[in-house]
Amino acid sequence: MTVGRVRLGGGGPVARDTARPPRIPVPMSAYVIDCGVYVDGRRLPGRWTHTRAVAEVRRRGEGFVWIGLFEPKAEQIGGLAATFGLHELAVEDAVHAHQRPKLETYSGTLFMVLKTVSYVEHAAPTTTNEIVESGEIMAFLGRDFIVTVRHGEHSALKSLRADLEATPERLAQGPAVVLHAIADHVVDSYLEVTEAFERDVDQVESMVFAPNSQVGAEQMYLMKREILELRRAVVPLTTPMRKLTERYTPLVPDHVRSYFRDVDDHLSVVAERVASFDDLLTTLVDATLAKITLQQNGDMRKITGWAAIITVPTMVVGVYGMNFDFMPELHWAFGYPAVILAILAVCVILHRVFTRRGWL
């Protein structure tokens with residue numbers, strides 16, 4: 001408590017409480033999307049708090065807890081972290097987000113970060129400012145629990161949870177199955193986004209090489225920026241996924257590890273597609289710049305051709321504008337029209353020559 005002192009009249013000092021009112025924390029339930037207890041692959045009925053859920057699982061000695069959080073604050077996730085023994089560094093990463101895909105272990109807990117991507121629908125790739133929207137999913141995997149933290153509206157796991165609950169034989173294999181399902185779901189979304197992105201790249205490619213195309217370098221750099229965002233999600237995930245297939249942690253049993261190999265194969269396909277898109281877009285940028293350069297050269301040829309044609313009358317008129325008494329045909333009655341006709345004839349000849357050579 002902070003105490004200040006003020007004087008009233010001639011009296012002595014009077015204590016005044018200047019402390020701020022205590023901060024009222026937001027209940028953690030505001031960030032908990034779902035909390036389920038699964039025994040033999042089936043969800044136990046009722047609503048659970050994280051403390052009651054983990055107590056029930058450990059009392060039974062079987063099953064696991066799956067808690068889903070959406071963009072939690074640091075002060076709200078503290079109690080959950082203490083209950084499950086989550087490492088403070090991993091909790092900090094989960095709260096602040098903006099992490100690279102990675103896989104780390106902290107005293108019996110596996111922490112994995114996956115970046116999610118979503119394709120933004122648009123009329124044409126050359127008229128939009130965003131093609132790929134990204135988010136994140138963090139997962140804490142323990143012996144009898146899995147905690148998922150989502151960032152981004154498009155990274156919902158509600159339908160995934162429903163699909164898993166519809167196949168209890170899968171959930172009966174433990175929380176590592178949930179981690180596999182999340183990774184498989186994220187990588188499948190990568191495939192969908194790359195397929196949609198491929199259509200945009202094909203459309204832009206056809207526009208670049210079309211005659212009289214108005215596609216500029218700005219649209220190409222926009223596509224490069226979006227493919228870079230997709231690459232940041234896909235490429236760093238290859239190492240964590242490879243670790244999960246190579247006995248990196250005992251938290252992922254052998255019978256579940258084989259499923260991660262399939263996800264790793266799909267991820268390799270996506271990484272190859274993204275790399276090919278990047279190379280193709282680089283080629284398209286170079287082609288666009290070369291096309292712009294050729295167009296500018298053509299414009300300069302036209303300007304030069306017309307300047308050469310205009311030079312002829314300018315030179316002749318400049319000569320006849322001099323104040324000399326003895327000029328060719330100066331006192332001839334047909335001198336003026338003859339000079340005009342000669343100027344027009346030379347200009348017409350130059351125009352035809354430049355047109356044949358493709359300058360005009």
Side-chain angles (χ1 to χ4, degrees), residues 23 25-39 43 47-116 135-152 155-157 160-161 164 171 173-183 185-186 236-237 239-241 243-244 248-253 256 260:
R23 188 175 183 180
V26 180
M28 185 175 175
S29 58
Y31 302 96
V32 176
I33 303 301
D34 200 353
C35 178
V37 178
Y38 300 89
V39 177
R43 180 167 182 165
R47 302 185 62 179
W48 301 84
T49 63
H50 66 282
T51 52
R52 290 183 56 244
V54 71
E56 178 66 20
V57 167
R58 291 172 180 175
R59 182 186 66 82
R60 290 172 174 262
E62 59 179 345
F64 67 93
V65 180
W66 180 5
I67 300 178
L69 309 177
F70 178 71
E71 298 183 356
K73 305 300 180 182
E75 59 270 18
Q76 315 310 326
I77 200 174
L80 185 144
T83 300
F84 291 101
L86 307 182
H87 197 278
E88 58 181 357
L89 294 178
V91 172
E92 182 179 357
D93 289 344
V95 171
H96 294 94
H98 303 294
Q99 304 294 318
R100 284 171 53 88
K102 60 182 179 180
L103 183 67
E104 297 176 344
T105 56
Y106 295 97
S107 62
T109 302
L110 184 71
F111 177 63
M112 187 172 188
V113 178
L114 303 99
K115 292 190 74 69
T116 60
E136 293 178 39
I137 296 179
M138 288 86 162
F140 295 90
L141 177 66
R143 180 181 57 83
D144 54 6
F145 69 88
I146 181 168
V147 179
T148 56
V149 181
R150 298 191 297 107
H151 292 269
S155 57
L157 298 175
L160 177 64
R161 186 187 286 260
L164 287 174
L171 284 178
Q173 300 178 50
V177 172
V178 178
L179 182 63
H180 161 262
I182 294 173
H185 171 73
V186 170
L237 185 59
T239 299
M241 199 61 62
K243 288 181 178 180
L244 288 175
Y248 177 73
T249 172
L251 294 174
V252 179
V256 179
F260 279 103

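Residues passing the salt bridge (charged side-chain N to carboxylate O under 4.0 Å, His left out) test with Lys102 are Asp93, Glu104, sequence neighbours excluded. Partners of Arg143 by salt bridge (charged side-chain N to carboxylate O under 4.0 Å, His left out), not counting sequence neighbours: none found. For His180, the side-chain contact (heavy atoms from CB on, under 4.5 Å) partners at least two apart in sequence or on another chain are Arg170, Asp184, Val256, Tyr259, Phe260, Val263. Applying the side-chain contact (heavy atoms from CB on, under 4.5 Å) rule to Ser155 yields the partners Thr116, Ile137, Arg150; only residues at least two apart in sequence or on another chain are considered. For Thr51, the side-chain contact (heavy atoms from CB on, under 4.5 Å) partners are Thr49, Thr83, not counting sequence neighbours.
Annotation: side-chain hydrogen bond (donor to acceptor under 3.5 Å, both in side chains) contacts involving residues 56-65, sequence neighbours excluded, comprise Glu56-Arg59, Glu56-Arg60, Arg58-Asp144.
When all heavy atoms are compared, the tightest approach of Ala81 to Val91 is CB-CG2, 3.8 Å. Taking both residues in full, the closest heavy atoms of Leu114 and Ala183 are given as CD2-CA, 3.9 Å, listed atom of the first, atom of the second, then distance. For the pair Cys35 and Ala53, the tightest heavy-atom approach, listed with the atom from each and the gap, is SG-CB, 4.0 Å. For Pro175 against Gly142, the heavy-atom pair with the smallest separation is CG-O, 3.6 Å.
Considering only heavy atoms from C-beta on, Leu251 stays 4.5 Å or farther from Thr105 through its side chain. Between Phe145 and Thr109 the shortest side-chain heavy-atom distance falls below 4.5 Å. Between Leu237 and Val113 the shortest side-chain heavy-atom distance does not fall below 4.5 Å. Between Val65 and Trp48, the closest side-chain pair of non-hydrogen atoms is not below 4.5 Å. Residues Leu244 and Met112 meet the side-chain proximity criterion, which asks for heavy atoms closer than 4.5 Å. Side chains of Thr148 and Trp66 form a contact here, defined as non-hydrogen atoms less than 4.5 Å apart. A 4.5 Å side-chain heavy-atom check between His185 and Leu157 finds at least one atom pair inside the cut-off. Annotation: side chain of Leu164 is not in contact with side chain of Tyr38 (no heavy-atom distance under 4.5 Å).
A donor-acceptor contact shorter than 3.5 Å is absent between the side chain of Glu136 and the backbone of Gly152. A donor-acceptor pair is defined here as one N or O able to donate and one able to accept, closer than 3.5 Å; no such pair exists between the side chain of Gln99 and the backbone of Ala94. A donor-acceptor pair is defined here as one N or O able to donate and one able to accept, closer than 3.5 Å; such a pair exists between the side chain of Arg52 and the backbone of Arg47.
Ring pair Phe111/Phe140: centre-to-centre distance below 6.0 Å.
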**Request:** May I have the step-by-step check of side-chain contact (heavy atoms from CB on, under 4.5 Å) for His98 and His96, ending in yes or no?
**Result:** CA-CA 7 Å; His98 303 294; His96 294 94; over 6 Å; no
**Prompt:** When you look at Ile77 and Val147, which way does the side-chain contact (heavy atoms from CB on, under 4.5 Å) test go after all the steps?
**Reply:** CA-CA 11 Å; Ile77 200 174; Val147 179; 5.8 Å; no
